[in-house]
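Values in this document were obtained by computation on a predicted structure and should not be read as measured data. Note that these values count all heavy atoms, side chains included, but never hydrogens, waters or copies made by symmetry. Sequence positions, counted from 1, serve as the residue numbers for this chain.
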Amino acid sequence: MADQQEKVFQLQRVYLKDASFECPGAPEIFLQEWKPKVNVQLNNNARGLGDSNEYEVEVTVTVTAKDEGEEKTFYLVEVKQAGIFTLVGIEGEERNQLLGAYCPNLLFPYVREVVSDLVSKASFPQMVLQPLNFDALYQQQRQQQTEGNESVTVQ
């Protein structure tokens, strides 16, 4: 048992990697009735940082609000929130689960805050993203990849 490596999981840093807000129809768009159709897209990925035990996990959310006819865009906001995590002695599926589900769960509240702030500062009604279960999303992705005979690997 003495040769078993101790498992370490640490959050080193959380940072805003990129944020953008566009309001292409301003100021005329503010004169329209506010009945938006909102589309939310989500993506997350993880990558190793060199030969170390550090990994960057990034959660990207893109929110587009258009008018009812989807002809004019009220706003488009994209946020990339990232974190650096240290994983020592954690390999295989356990590592993939941490990087693909647990870490995004830790980062998502920061994404929600940035999206809400950007939308509010542009004088639109507050946009509060619903909480997400990244564990369920990860399991769903794993099942789809298993059915497609694809493998999941973290760079």
Side-chain angles (χ1 to χ4, degrees), residues 4-26 29 34 36-66 70 73-155:
Q4 273 190 335
Q5 187 177 12
E6 181 181 344
K7 292 183 178 185
V8 176
F9 173 81
Q10 291 179 323
L11 170 61
Q12 299 297 331
R13 180 179 303 260
V14 174
Y15 57 98
L16 180 62
K17 191 167 184 175
D18 187 22
S20 67
F21 183 91
E22 297 176 29
C23 183
I29 203 78
W34 178 249
K37 285 191 174 183
V38 178
N39 180 18
V40 178
Q41 295 179 348
L42 172 75
N43 188 25
N44 67 295
N45 61 41
R47 67 182 183 97
L49 301 176
D51 293 333
S52 67
N53 293 315
E54 276 75 40
Y55 294 85
E56 179 192 53
V57 176
E58 181 181 290
V59 175
T60 303
V61 172
T62 304
V63 180
T64 307
K66 294 186 173 192
E70 296 191 34
T73 301
F74 289 114
Y75 63 79
L76 171 69
V77 62
E78 182 176 78
V79 173
K80 291 183 182 183
Q81 188 74 43
I84 298 174
F85 299 86
T86 300
L87 282 77
V88 177
I90 303 171
E91 298 296 328
E93 179 57 28
E94 185 179 14
R95 180 186 68 187
N96 288 342
Q97 175 78 28
L98 281 171
L99 296 173
Y102 187 75
C103 294
N105 271 323
L106 293 175
L107 296 173
F108 194 67
Y110 296 94
V111 173
R112 293 178 70 209
E113 179 184 18
V114 174
V115 168
S116 178
D117 284 351
L118 288 172
V119 170
S120 295
K121 287 179 180 177
S123 81
F124 289 100
Q126 186 179 28
M127 164 54 80
V128 179
L129 297 173
Q130 294 299 312
L132 292 175
N133 183 343
F134 282 90
D135 293 311
L137 292 172
Y138 177 79
Q139 292 305 325
Q140 180 182 18
Q141 179 189 27
R142 291 288 293 164
Q143 184 176 356
Q144 288 172 352
Q145 289 174 335
T146 301
E147 291 169 0
N149 293 324
E150 297 177 17
S151 63
V152 173
T153 56
V154 176
Q155 299 177 356

So do [Y] and [X] actually touch side chain to side chain, heavy atoms under 4.5 Å?
X	Y	result
Gln139	Leu137	no
Glu78	Val61	no
Glu6	Val88	no
Thr73	Glu22	no
Thr64	Lys37	no
Asn43	Gln41	no
Val114	Leu118	yes

Assess, by modelled atom type and distance only, whether the side chains of [X] and [Y] contain a donor and an acceptor separated by less than 3.5 Å.
X	Y	result
Gln126	Ser120	no
Glu54	Gln10	no
Glu56	Asn45	no

- prompt: If you take all heavy atoms of Gln81 and Val14, which pair is closest and at what distance?
  reply: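 Minimum heavy-atom separation between Gln81 and Val14: NE2-CG1, 3.4 Å.
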- prompt: Looking only at heavy atoms, which two atoms of Gln130 and Arg112 are closest? And how far apart?
  reply: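 That would be C-NE, 4.3 Å.
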message: Using the rule given for side-chain contact (heavy atoms from CB on, under 4.5 Å), can you reason through Val59 versus Asn44, listing the C-alpha separation, both sets of side-chain angles and the distance that settles it, and then say yes or no?
response: CA-CA 4 Å; Val59 175; Asn44 67 295; 4.1 Å; yes
message: Please check: side-chain N/O of Arg95 versus main-chain N/O of Ile90, any donor-acceptor pairing under 3.5 Å?
response: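 Checking the backbone N and O of Ile90 against the side chain of Arg95, no donor-acceptor pair under 3.5 Å is found.
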query: Can Val63 and Val119 be said to form a side-chain contact (heavy atoms from CB on, under 4.5 Å), step by step?
result: CA-CA 10 Å; Val63 180; Val119 170; 6.0 Å; no
- request: Mind checking the OH-CG spacing from Tyr138 to Asn133? Nearest 0.5 Å is all I need.
  value: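 It comes to 13.5 Å.
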query: Can you tell me how far CZ of Phe9 sits from OG1 of Thr86, rounded to the nearest 0.5 angstrom?
result: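 Here the rounded value is 9.0 Å.
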Would you be so kind as to tabulate the donor-acceptor pairs closer than 3.5 Å made by side chains of residues 99-111, with sequence neighbours excluded?
residue : atom : partner : partner atom : Å
Asn105  : OD1  : Phe134  : N            : 3.4
Asn105  : ND2  : Ala101  : O            : 3.3

- prompt: Taking the inter-plane angle between the rings of Phe124 and Tyr75 on a 0 to 90° scale, is it parallel (under 30°), tilted (30 to 60°) or perpendicular (over 60°)?
  reply: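 Ring orientation of Phe124 relative to Tyr75: tilted.
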